[in-house]
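Worksheet for the structure shown next.
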Amino acid sequence: MDTLKSAGLGDTVITFPNAKRTTKSLEAEPESGYQLDLMQHIPDCNFKTYVQDVAKMCWLPVNSVLLVGLGVVSSVACRAYAVQYPNGELLPLGEYVAPCNPSATSKSRCLKAFQYPIRKALKGAIGEWKKQAAEDPKLETPCPQDFFVTNSSSAALDEMLNDTQGYFALASAEQGLVNTITGAAFSKDVKNDNDLMLLGFNGDYHHSKRASRNGYHGSVVGAVTCFAQEGAINTILQKSEGTGFAERFLMLNEATLLGKRDHHQKFFPQEYIQNTYNRIVKDLANTALQQPLDFDELPSYRISDKAWWLIEEFRNEIEPHLGDGGKYSTLTLRSMAGKPDMHIMKIATLLALLDEHRAGLIPDQWVIAAINMMRDYLEYIYRLLVTMGAMGTSAYEDSLIEYIGKRGTCTRRQIRQAKYQAKPWAEITPKSAVGQQMYAAIDGLISKGIVAETESFDSKGNSTGRLLRLIA
């Protein structure tokens with residue numbers, strides 16, 4: 001009988017019968033109406049293959065698994081390395097990711113697959129500390145702490161910063177993590193403080209004073225990996241309250257593969273690929289454990305001048321859509337699209353690190369991959385927010401979108417004449433309010449980046465009026 005072999009999630013080799021690996025596509029229909037494919041932008045490498053293998057093993061959408069892998073790795077990478085801006089300023093490698101899938105979809109198994117070498121490194125460090133403590137009762141070195149916190153309020157995180165040199169990492173496959181860090185689990189009368197989460201993404205300075213405990217002052221560096229249910233994205237968006245909290249997350253809501261799985265089909269990561277990932281990430285964790293450094297002392301990666309030009313070119317591509325009425329003109333999208341360079345820097349460095357490039361100049365291929373991933377992601381998140389209703393449309397707006405779409409271009413007056421007696425506008429009372437509400441709905445579509453209004457001119461340069469057209 002033919003067999004496939006794998007190291008499983010540990011070092012034990014598992015042998016199981018299976019003449020062929022499944023060739024069934026693991027890509028489900030996209031929730032946003034946009035077929036996201038982040039993996040196509042990543043050059044072939046061991047990490048890419050490992051992500052694909054874990055996705056097959058867990059029957060999960062591969063884009064979500066990729067974000068989980070990057071988020072977990074960033075949790076330890078941010079304690080060992082940083083990446084430089086052109087002026088030498090450091091940016092931490094910690095990523096905030098929140099892919100979503102329903103219960104009973106092996107989210108915890110996926111998370112454990114990427115955390116395994118980190119937990120193994122921590123177990124070894126604790127064992128070594130216990131041996132030293134037994135030999136020296138006066139040992140002053142504290143016992144190594146776990147990298148990951150599964151559930152914590154911002155206040156509780158603040159309290160532990162003195163013990164971690166300002167680092168924190170949150171990782172969970174439960175929505176409780178998001179509910180707690182956003183304050184959604186607390187009373188409506190309690191206003192959540194997102195400052196720590198905001199500062200941790202950038203590596204900014206934090207100085208807190210508390211009456212009941214010691215405060216912290218110094219740089220804060222964090223990473224968040226939340227692989228939870230669909231409600232997590234809504235919670236993040238609702239609790240952001242214009243602070244920029246939601247905009248720091250890479251969020252996915254891919255369609256589930258529930259109902260499409262074949263449980264006779266068994267798949268485990270290829271032994272060599274998994275062992276390579278485990279070795280790289282375990283060494284990374286050991287570096288963070290054995291040589292703890294403050295953020296501003298970390299060795300760093302650099303981006304070439306050519307790659308910086310490409311990043312700036314991408315930002316120029318986005319810029320016209322950030323203005324009022326543009327595609328990315330809403331508060332959330334403007335913040336997301338207005339600073340893609342930070343995610344690009346982090347992702348490029350993590351990919352280079354996972355391909356075993358030492359600190360120093362990042363090969364351009366990883367920066368190009370990160371740029372293309374962000375371009376793809378911005379289109380996806382734009383459509384997802386519309387689908388979820390975060391930038392949704394009402395029945396009134398839907399009727400306008402349908403009319404403009406059929407006409408191609410039209411004026412406000414043409415819309416009013418055509419739709420005044422049609423539902424749902426005909427149901428508005430008093431009738432004198434129809435025009436005002438119709439124009440308000442048009443303005444709302446413009447602010448959401450769904451419709452644009454531009455002035456048109458004849459061949460002599462004379463204005464012929466302002467025309468509306470769909471841009472999304």
Side-chain angles (χ1 to χ4, degrees), residues 70-85 87-97 115 118 121-122 125-126 129 140-172 177 180-183 192-226 243-245 248-249 281 284-301 339 342-343 345-346 349-350 353 359:
L70 290 174
V72 168
V73 173
S74 79
S75 300
V76 290
C78 68
R79 302 185 186 212
Y81 300 99
V83 59
Q84 291 184 20
Y85 283 99
N87 64 355
E89 181 184 352
L90 297 181
L91 179 72
L93 298 183
E95 268 289 9
Y96 291 9
V97 301
Q115 288 180 322
I118 300 171
L122 180 66
I126 293 174
W129 180 87
E140 296 182 357
T141 305
C143 181
Q145 295 187 13
D146 197 337
F147 287 103
F148 300 104
V149 175
T150 59
N151 196 321
S152 175
S153 65
S154 294
L157 279 181
D158 193 307
E159 189 171 354
M160 63 178 276
L161 292 177
N162 282 313
D163 297 327
T164 62
Q165 294 180 271
Y167 297 101
F168 68 85
L170 301 169
S172 176
L177 170 61
T180 307
I181 62 174
T182 61
N192 192 52
D193 181 2
N194 283 331
D195 282 359
L196 186 61
M197 303 299 297
L198 298 175
L199 298 171
F201 187 80
N202 299 357
D204 288 338
Y205 182 79
H206 179 55
H207 189 178
S208 61
K209 286 186 176 294
R210 299 290 183 267
S212 60
R213 53 182 166 81
N214 292 330
Y216 172 81
H217 62 89
S219 296
V220 180
V221 173
V224 181
T225 305
C226 180
T243 63
F245 177 68
R248 283 163 168 74
F249 277 85
V281 178
L284 189 61
N286 284 330
T287 298
L289 288 165
Q290 296 168 8
Q291 301 175 11
L293 297 172
D294 290 337
F295 171 60
D296 57 6
E297 298 173 339
L298 294 176
S300 59
Y301 285 78
K339 46 188 177 186
M342 299 177 75
H343 283 298
M345 293 167 69
K346 291 169 184 270
T349 307
L350 292 170
L353 193 156

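In this structure, the side chains of Y96 and H343 stay at 4.5 Å or more apart for every pair of heavy atoms. Annotation: side chain of Y81 is in contact with side chain of L284 (closest heavy-atom distance under 4.5 Å). Within the 4.5 Å cutoff, side-chain heavy atoms of N202 are placed close to those of R248. Side-chain contact between V149 and F168: absent, with no pair of heavy atoms (C-beta onward) separated by less than 4.5 Å.
The shortest non-hydrogen separation linking L198 to G244 is CD2-C, 3.7 Å. Closest approach of A285 and A121 over heavy atoms only: CB-CB, 3.7 Å. Heavy atoms only, all atoms of each residue included: L122 and F147 are closest at CD2-N, 4.4 Å. Pairing each heavy atom of R79 with each of A288, the nearest pair is CB-CB, 3.8 Å. Minimum heavy-atom separation, L298 to C78: CD1-O, 3.4 Å. Between A223 and S74 the shortest heavy-atom distance is CB-OG, 3.7 Å.
Between the CD atom in Q84 and the CD atom in E89 there is a gap of 10.5 Å [rounded to 0.5 Å]. Expressed to the nearest 0.5 Å, how far NE2 of H217 lies from CG of N162 amounts to 7.5 Å. Note: S300 OG to L90 CG = 5.5 Å, rounded to the nearest 0.5 Å. For the atom pair OH of Y301 and CG of L91, the computed distance is 14.5 Å after rounding to the nearest 0.5 Å.
A donor-acceptor pair under 3.5 Å is absent between the side-chain atoms of D294 and the main chain of D296, judged by distance alone.
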- Item | side chain to side chain contact (heavy atoms under 4.5 Å, CB included) between M197 and L170, worked out | CA-CA 11 Å; M197 303 299 297; L170 301 169; 4.1 Å; yes

Practice task
List the steps, then state whether side chain to side chain contact (heavy atoms under 4.5 Å, CB included) holds for F148 with T225.
Solution key: CA-CA 10 Å; F148 300 104; T225 305; 5.9 Å; no

- Given the rule in the side chain to side chain contact (heavy atoms under 4.5 Å, CB included) test, do L161 and L196 qualify, once you have shown the distances and angles that lead to the verdict? CA-CA 10 Å; L161 292 177; L196 186 61; 3.6 Å; yes

Evaluate side chain to side chain contact (heavy atoms under 4.5 Å, CB included) for L199 paired with Y205, printing each intermediate quantity in order. CA-CA 7 Å; L199 298 171; Y205 182 79; over 6 Å; no

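No option in L70, V221, T349, V76 other than T349 meets the side chain to side chain contact (heavy atoms under 4.5 Å, CB included) test with L93.
Under the 6.0 Å distance and 45° angle rule, K346 counts as a cation-pi partner of F201.
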